[in-house]
Amino acid sequence: NATDDFQGETWGSQTFLIGADNIVVKGVALKLYRNGLIGNVLVSIRAVDGDLKPTGSDLAVATFNGNALSTNTAGLVKFILFNSTTTLTASTRYCIVMRGPYQAVNQLSWRVDTTNPLANEKSWRSTNSGSTWTETVGQDTYFDILNSANVFTGIVESIEFSGQESTQVCTLRGRDYTARLMDVTVKPAVYTNSEISTIVTDLISDLVSDITTSNVDITIITLP
């Protein structure tokens, strides 16, 4: 993989083809990093014209703070949820457009492939807010479309209904799965000459559901 820093240009775009079925798109996953201060960045889906250039208005749009991105040049996956869902038509080509609404995005990079470009797809750049586009030959950007995305995951603890006439409101309250850790009662247990992480993973595995231990680090401390 190589990196695409937009070379001082303000908009970047990548085409993609929908499969055999219509899909309801909720967001996109991009592998991004930054090498400077960025500010807000817009990501959207647009139709393409006969030359596969972006055309028309945004079909779906999302905004995120680019300064929250890592400076790790390997790129970290950023899950971006659009402000509203949109249905994309089967066997139709669209494009992802990324731009900085208040500044150029030359300090933002997304991961691209220069050795095996996607078949029949095109990557574009624009220096004039999308009025004209220049193809980036032999370079394609990889991303994933999210047609199923969890905004909240956890435990619903109360459901309340209120309203009048034609207006009804359903209020859900709850906590994420850290509630499992907060609410569990650990019974007395004995561990002899055990490294700390083994104790932690053992307790969680035995007593807590919906919590994994993949990020529990092994230490150099053994408790007698």
Side-chain angles (χ1 to χ4, degrees), residues 6 10-34 38-50 52-69 75-105 108-111 118 121-126 128-131 133 140-156 159-177:
F6 290 94
T10 56
W11 290 33
S13 174
Q14 173 66 52
T15 63
F16 63 95
L17 179 66
I18 297 299
D21 300 313
N22 294 352
I23 62 170
V24 177
V25 175
K26 297 184 178 181
V28 65
L30 296 168
K31 184 172 277 191
L32 303 169
Y33 72 94
R34 63 180 176 88
I38 300 171
N40 289 333
V41 178
L42 288 177
V43 178
S44 64
I45 293 179
R46 291 193 172 190
V48 298
D49 62 17
L52 304 188
K53 295 178 182 177
T55 187
S57 57
D58 294 331
L59 303 177
V61 65
T63 304
F64 69 91
N65 180 7
N67 292 328
L69 295 174
L76 299 177
V77 174
K78 174 71 174 177
F79 294 96
I80 303 166
L81 296 180
F82 294 124
N83 295 342
S84 60
T85 60
T86 186
T87 300
L88 302 184
T89 305
S91 304
T92 303
R93 190 165 267 106
Y94 297 88
C95 65
I96 290 287
V97 178
M98 187 185 303
R99 76 261 197 193
Y102 306 118
Q103 71 288 311
V105 289
L108 174 68
S109 298
W110 54 1
R111 299 296 290 180
L118 304 176
E121 304 300 344
K122 291 185 178 182
S123 178
W124 301 92
R125 302 169 184 267
S126 175
N128 51 16
S129 300
S131 296
W133 294 88
D140 283 314
T141 302
Y142 280 94
F143 56 85
D144 291 320
I145 291 290
L146 307 177
N147 59 2
S148 178
N150 288 332
V151 179
F152 300 109
T153 299
I155 305 162
V156 175
I159 304 174
E160 301 174 4
F161 295 94
S162 62
Q164 58 184 358
E165 299 176 350
S166 62
T167 300
Q168 300 293 324
V169 177
C170 176
T171 302
L172 304 179
R173 290 187 172 87
R175 290 178 289 170
D176 65 22
Y177 283 136

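Throughout, numbering of the chain's residues begins at 1 and tracks the sequence.
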How long is the span from the CG atom in Leu118 to the CG atom in Leu17, to the nearest 0.5 Å?
-> 11.0 Å

Between Ser131 and Ser126, what is the shortest heavy-atom contact and its length?
-> N-OG, 4.0 Å

Could you tell me whether the side chain of Arg46 and the main chain of Gly56 form a donor-acceptor pair under 3.5 Å?
-> yes

dist Thr87:OG1 -> Leu59:CG (nearest 0.5 Å) comes out at 10.5 Å

Give the minimum heavy-atom separation between Cys170 and Phe161, together with the two atoms involved.
-> SG-CE2, 3.8 Å

Interatomic distance, Ile96 atom CD1 to Leu30 atom CG [nearest 0.5 angstrom] | 6.5 Å

What are the two closest heavy atoms between Val48 and Arg93, and how far apart are they?
-> CG2-O, 3.5 Å

Any side-chain donor near an acceptor of the partner, Ser44 and Arg99, under 3.5 Å = yes

Taking the side chain from Thr55 and the backbone from Ala47, do they hold a donor-acceptor pair closer than 3.5 Å?
-> no

Minimal non-hydrogen separation, Phe82 against Ala60, with atom names = CG-CB, 3.8 Å

Give a yes or no answer on whether the side chain of Asn22 reaches the backbone of Ala90 with a donor-acceptor pair at less than 3.5 Å.
-> yes

Is Ile159 atom CD1 crowded by more than 12 heavy atoms from other residues, nucleotides or ligands, each under 6.0 Å away?
-> no

Give, for atom CG of Leu32 and atom CZ of Phe64, the distance between the pair rounded to the nearest 0.5 Å.
-> 5.0 Å

Closest approach of Ile18 and Asp21, non-hydrogen atoms and distance?
-> CG2-O, 3.5 Å

Flag the pair Leu42 / Met98 as yes when at least one side-chain heavy-atom distance between them is below 4.5 Å, and no otherwise.
-> no

Between CD1 of Ile145 and OH of Tyr94, what distance do you get to the nearest 0.5 Å?
-> 11.0 Å

Side-chain heavy atoms of Lys53 within contact of Lys122, under 4.5 Å | no

Got a second to check how far Ser123's OG is from Trp133's CH2, nearest 0.5 Å?
-> 9.5 Å

Residue pair Val97, Trp124: steps toward the side chain to side chain contact (heavy atoms under 4.5 Å, CB included) verdict = CA-CA 9 Å; Val97 178; Trp124 301 92; over 6 Å; no

